[in-house]
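Everything numeric here is computed off the predicted structure, so don't read it as measured data. Numbers restart at 1 for each chain; the letters A, B, ... are given by sequence-line order, proteins then strands.
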2 protein chains.
Amino acid sequence: MSLKHGLLGLLQYGSMTGYELDKAFKSSLSFFWQAKTSQIYRELDAMEGKGWLISQRIFQQEKPNKRVYTITDVGKRELRNWLPSPEGDIADAMGVRSGFLMRVFFGGEMSNQEALALLRAYRKKCLESRDALLAAHDAMAEYGPMVKDDRTAKFWNMTLAYGEAFHRAGLEWAEQSIAFLEEEQP
Amino acid sequence: MSLKHGLLGLLQYGSMTGYELDKAFKSSLSFFWQAKTSQIYRELDAMEGKGWLISQRIFQQEKPNKRVYTITDVGKRELRNWLPSPEGDIADAMGVRSGFLMRVFFGGEMSNQEALALLRAYRKKCLESRDALLAAHDAMAEYGPMVKDDRTAKFWNMTLAYGEAFHRAGLEWAEQSIAFLEEEQP
DNA sequence: TTAATCATGTAACACGTTACATGATTGC
DNA sequence: GCAATCATGTAACGTGTTACATGATTAA
């Protein structure tokens, strides 16, 4: 239920349209949770059915009509109860699920060239995803002042620190593994 | 398709029953890919439909009947083609999907006590999941000698190194974050 | 003139999770 | 006597992905 609760969390900061939620989600939460636009709309629909939020249609003449979502008291209570009861999530918090590692595991079936190409592509992605983290950093710096208590911002920074630590670990692993394969076959 | 290809990979080492595959998967691949027993049976079924493997029923009088799966040439080709073409997987190789971090991100809505409890539960899981890594290490040490070329074992160890690096990063992050919250409110 | 942005979705499919069922044998 | 292991699944549900559709406005 993390996606639903992520959306609830964002709506606590203010009412938004699906489109705005999608952008807010992608700019600030997407480095630890990815969601497609179409899925966000579906979830919002389901959440309205549960009474966690209400929506109002806004008719516009210049732009397409839109729908503004507002969190309800039921929704706030739901979020409040969900936050400190992470039984399941903690269980697989350490659990990676990586198709990439699946390929590495069976790397023995590939040539050294192919395996190296795989690892180099991974390293490239690592470097690129640095940008996503920096973007999240900027987004938080932008929205941070809008939140009254700076305690909120501290938790945001904690997740950023997590992202950075894992990013660093991935990059270092890639460098070492590439070096290892390179000295295998010159 | 990583689960299907993981199963194909295991079947390259030898024919196995669903039950054995489930155990092999859980002991060696589960630290980077988790799958439920029921899902494995469903996937095996689908894979047989694609012609990637064939199964033979074995009737036993002492124990329940079983079904032995064998990879076909089509399956071997499929695996061989899949391994070095990771476009999609590389794209989200760096992408964590963590319900735990979702909770941390909105930690400002919790009390310091609750947030600390969350982080301490995470640290505890970290320490426990060390065992899963060690188990994977043992499993690889056990199966390693059975594989003719030790190149295979090298890739296994690479994935283990990845697991260890990320484990370490997670633990360090947890320690720091806990310390940070503790000095906030004594 | 082409692409991007605004703003909304639907449909189908793939993959993952939970709960349940069966029934013998082996070890404490 | 009770739990665990062996060995197989089915059914329902929840979540994530892909492909597609609409149609105006604004910036390169």
Side-chain angles (χ1 to χ4, degrees), chain A residues 1-8 15-27 29-30 32-50 52 55-69 82 87-89 91-92 95-99 102, chain B residues 1-8 15-27 29-30 32-50 52 55-69 82 87-89 91-92 95-99 102:
Chain A
M1 300 290 247
S2 299
L3 174 51
K4 287 190 179 69
H5 291 89
L7 293 169
L8 279 182
S15 298
M16 274 183 268
T17 67
Y19 190 78
E20 288 167 331
L21 274 165
D22 185 48
K23 278 194 303 177
F25 200 96
K26 289 195 160 79
S27 70
L29 311 181
S30 68
F32 61 83
W33 197 281
Q34 303 80 44
K36 307 277 160 162
T37 308
S38 61
Q39 198 190 354
I40 288 178
Y41 283 109
R42 192 178 53 183
E43 295 299 307
L44 286 170
D45 221 54
M47 288 159 78
E48 193 165 14
K50 284 172 190 269
W52 294 358
S55 71
Q56 294 164 267
R57 274 219 97 105
I58 309 248
F59 297 93
Q60 299 177 120
Q61 60 277 61
E62 327 232 308
K63 294 177 174 181
N65 297 333
K66 59 184 179 178
R67 191 180 287 275
V68 177
Y69 294 91
W82 177 80
E87 294 74 32
D89 281 349
D92 39 57
V96 190
R97 193 190 292 266
S98 167
M102 189 71 88
Chain B
M1 299 294 246
S2 299
L3 175 51
K4 286 190 180 69
H5 292 88
L7 294 168
L8 279 182
S15 297
M16 275 182 267
T17 66
Y19 190 79
E20 288 167 329
L21 273 166
D22 185 48
K23 280 194 302 176
F25 200 96
K26 289 195 160 77
S27 71
L29 311 180
S30 68
F32 61 82
W33 198 281
Q34 303 80 43
K36 308 278 158 163
T37 307
S38 60
Q39 199 190 353
I40 288 178
Y41 283 111
R42 191 177 53 183
E43 295 300 308
L44 286 171
D45 221 55
M47 288 160 77
E48 194 164 15
K50 285 172 190 269
W52 294 358
S55 71
Q56 294 165 267
R57 275 218 95 106
I58 309 248
F59 298 93
Q60 298 180 121
Q61 59 276 62
E62 329 233 307
K63 293 177 175 181
N65 297 333
K66 58 183 180 178
R67 190 180 286 276
V68 177
Y69 294 92
W82 177 81
E87 294 73 33
D89 281 348
D92 39 57
V96 190
R97 194 188 292 265
S98 168
M102 189 71 88

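Between A/Lys23 and the phosphate of C/dT5, there is no side-chain N or O to OP1/OP2 separation shorter than 4.0 Å.
Atom CG of B/Leu7 sits about 12.0 Å away from atom CE of B/Met1, to the nearest 0.5 Å.
Using modelled atom types, one side-chain atom of A/Lys26 and one backbone atom of A/Ala35 make a donor-acceptor pair closer than 3.5 Å. At distances below 3.5 Å, not a single donor-acceptor pair connects side-chain atoms of B/Ser30 with backbone N or O atoms of B/Ser27. Judged by distance alone, with hydrogens and angles left aside, the side-chain atoms of B/Glu43 form no donor-acceptor pair with the main-chain N or O of B/Ile40 at under 3.5 Å.
Within 4.0 Å of A/Arg67, counting heavy atoms only, lie sugar-phosphate atoms of the nucleic acid but no base atom. Across all strands shown, A/Lys36 has heavy atoms under 4.0 Å from base atoms, whether or not it also approaches the sugar-phosphate. Contact annotation for A/Asn65: backbone-only contact, meaning every heavy-atom pair under 4.0 Å involves sugar-phosphate atoms and none involves a base. Across all strands, B/Tyr69 comes closer than 4.0 Å only to sugar-phosphate atoms, never to a base (heavy-atom distances). B/Thr17 comes within 4.0 angstrom of the backbone, heavy atoms only, and of no base.
When all heavy atoms of B/Gly99 and A/Trp82 are compared, the closest pair comes out as O-CH2, 4.1 Å. The heavy-atom pair separating B/Leu44 from B/Tyr69 by the smallest distance is CD1-CE1, 3.6 Å.
Here the P atom of nucleotide C/dC15 and the CZ atom of B/Arg97 are 14 Å apart, to the nearest Å. Distance CG (B/Asp45) to P (C/dA14): 15 Å, rounded to an integer number of Å. A/Arg42 places its CZ atom 14 Å from the P atom of C/dA12, with the value rounded to the nearest Å. The distance between atom CE of B/Met47 and atom P of C/dA14, rounded to the nearest whole Å, is 15 Å.
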Check your understanding: For A/Trp33 and A/Leu3, what are the C-alpha separation, side-chain angles and deciding distance, and is it a side chain to side chain contact (heavy atoms under 4.5 Å, CB included)?
Key -> CA-CA 8 Å; A/Trp33 197 281; A/Leu3 174 51; 4.0 Å; yes
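Counting 5' to 3', DNA chain D first comes under 4.0 angstrom of a heavy atom of chain A and last does so at the ends given by D/dT15 to D/dT25.
Each of A/Met1 and A/Ser38 lies near DNA chain D, and the nucleotide nearest A/Met1 is the one positioned closer to the 5' end.
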